[in-house]
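Down below is the structure, laid out as structure tokens.
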Amino acid sequence: MADTSDFKNGLVLKIEGQLWQIIEFQHVKPGKGPAFVRSKLKNVLSGKTVDKTWNAGVKVETATVDRRDMTYLYNDGTDYVFMDGETYDQISISPETLGDGAKFLLENMAVQVATHEGTPLFVELPVTIELVVQHTDPGLQGDRSTGGTKPATLETGAEIQVPLFINTGDKLKVDSRDGSYLGRVNS
């Protein structure tokens, strides 16, 4: 059990039999009336997000979430297979559980897998990932009609928007949370 003063981003709560992860929260002390906590929660299994307000000091049941460092091995056609580096146990995770992170997975990539009672809840990729551009159209000098970006296909098959000066074969830093371009990697 935890109360609202123990809230932190990433904490998983058990509410009405379902698991909810705190995405963000804010303690509010209005000039008049009691303090409260405003939070945004994400359902771990369905991905649905809701806003919830708590009275200050309310006790909430927390879920035991085991976070383990694992290595992505391969896609077996339907599921993604990960291996625990300490025990060499392998675990299969469905594309639904993996979500959009599947677009940025490379073989042998180190990730963090969160499980609850043996069931995989979610996979956290590194925030920044270095990927090579497989294909992009050459940028035309003076073409600024698209805001200075063009689509590029990365080695994992993901398509992101990049500046016009990026060429096929360039290595890029990409934010795995939203797929945004962060910069070029000097080799």
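Start at 1 with the first residue, then count along the sequence.
- Closest non-hydrogen pair, Pro30 versus Ala35, comes out as CD-CA, 4.1 Å.
- When each of Leu19, Val44, Leu121 is checked for a side-chain contact (heavy atoms from CB on, under 4.5 Å) with Val65, only Leu121 meets the rule.
- In plain terms, the two heavy atoms of Phe165 and Asp170 that are nearest each other are O-OD2, 4.3 Å.
- Residue Leu41 holds its CG atom at 6.0 Å from CD1 of Ile22, rounded to the nearest 0.5 Å.
- Although no hydrogens or angles enter the test, the distance criterion places a donor-acceptor pair under 3.5 Å between the side chain of His116 and the main chain of Thr64.
- Here the CE atom belonging to Met70 is positioned 10.0 Å from the CD atom belonging to Gln90, to the nearest 0.5 angstrom.
- Taking the side chain as every heavy atom from C-beta outward, Trp20 and Lys52 never approach each other to under 4.5 Å.
- Pairs engaging residues 95-114 under the salt bridge (Lys or Arg N to Asp or Glu O under 4.0 Å) rule: none recorded [sequence neighbours left out].
- Applying the side chain to side chain donor-acceptor pair (under 3.5 Å) criterion to Asp79, with sequence neighbours excluded, gives no partner residue.
- Sorted by first and then second residue, the salt bridge (Lys or Arg N to Asp or Glu O under 4.0 Å) pairs involving residues 110-120 (not counting sequence neighbours) form an empty list.
- Between Val81 and Ile91, the closest side-chain pair of non-hydrogen atoms is not below 4.5 Å.
- Every residue two or more places apart in sequence or in another chain was checked for a ring pair (Phe, Tyr, Trp, His ring centres under 6.0 Å) with Phe122, and none qualifies.
- Distance check: Arg38 CZ to Thr53 OG1 gives 6.0 Å after rounding to the nearest 0.5 Å.
- Screening Ile129, Leu73, Thr71, Thr156 for a side-chain contact (heavy atoms from CB on, under 4.5 Å) with Met109, the sole residue that qualifies is Ile129.
- With rounding to the nearest 0.5 Å, the separation of NZ in Lys173 from OG in Ser180 is 12.5 Å.
- Under the rule for a salt bridge (charged side-chain N to carboxylate O under 4.0 Å, His left out), Glu24 has no partner lying at least two apart in sequence or in another chain.
- Rounded to the nearest 0.5 angstrom, Gln161 CD and Glu159 CD are separated by 7.0 Å.
- Taking the six-membered ring where the residue is Trp, Tyr80 and Tyr72 present tilted rings, their angle falling between 30° and 60°.
- Environment of NZ in Lys29: crowded, with over 12 heavy atoms of neighbouring residues, nucleotides or ligands closer than 6.0 Å.
- Inter-residue side-chain proximity for Val162 and Leu172 is flagged as met; some heavy-atom pair is nearer than 4.5 Å.
- Among residues two or more places apart in sequence or in another chain, the side chain to side chain donor-acceptor pair (under 3.5 Å) test is passed with Thr4 by none.
- Trp54 contributes atom CH2, which lies 5.0 Å from atom CZ of Phe7 (distance to the nearest 0.5 angstrom).
- Residues meeting the salt bridge (charged side-chain N to carboxylate O under 4.0 Å, His left out) test with Arg68, sequence neighbours left out: Asp66, Asp84, Glu86.
- For the pair Lys150 (side chain) and Leu164 (backbone), a donor-acceptor distance under 3.5 Å is present.
- For Arg177, the side chain to side chain donor-acceptor pair (under 3.5 Å) partners are Asp175, not counting sequence neighbours.
- Residues forming a ring pair (Phe, Tyr, Trp, His ring centres under 6.0 Å) with Phe104 (at least two apart in sequence, or on another chain): none.
- By the criterion of side-chain heavy atoms lying less than 4.5 angstrom apart, applied directly or through intervening Ile, Leu, Val, Met, Phe, Trp or Tyr residues, Ile15 is grouped together with Val58 in one hydrophobic cluster.
- By the side chain to side chain donor-acceptor pair (under 3.5 Å) test, Ser5 is found to be paired with Asp3, residues two or more places apart in sequence or in another chain being considered.
- Contact of the Thr149 side chain with the Tyr181 side chain is not registered, since no non-hydrogen atoms from C-beta on lie closer than 4.5 Å.
- Distance alone, capped at 3.5 Å, places no donor-acceptor pair between the Thr115 side chain and the Arg67 backbone.
- The shortest side-chain heavy-atom distance between Leu105 and Leu98 falls under the 4.5 Å cut-off.
- Looking at Glu124 and Val111, their side chains never come closer than 4.5 Å, going by heavy atoms from C-beta outward.
- Considering all non-hydrogen atoms of both residues, Ser92 and Pro120 come closest at O-CG, 4.4 Å.
- Thr62 meets the side-chain contact (heavy atoms from CB on, under 4.5 Å) test with Ala2, Leu11, Leu13; sequence neighbours excluded.
- Every residue meeting the side-chain contact (heavy atoms from CB on, under 4.5 Å) condition with Glu155, not counting sequence neighbours, appears here in chain and number order: Leu106, Leu131, Val132, Gln134.
- In this structure, the side chain of Thr168 engages the main chain of Thr136 through a donor-acceptor pair within 3.5 Å.
- Using a 4.5 Å heavy-atom cutoff, the side chains of Arg184 and Ile166 are in contact.
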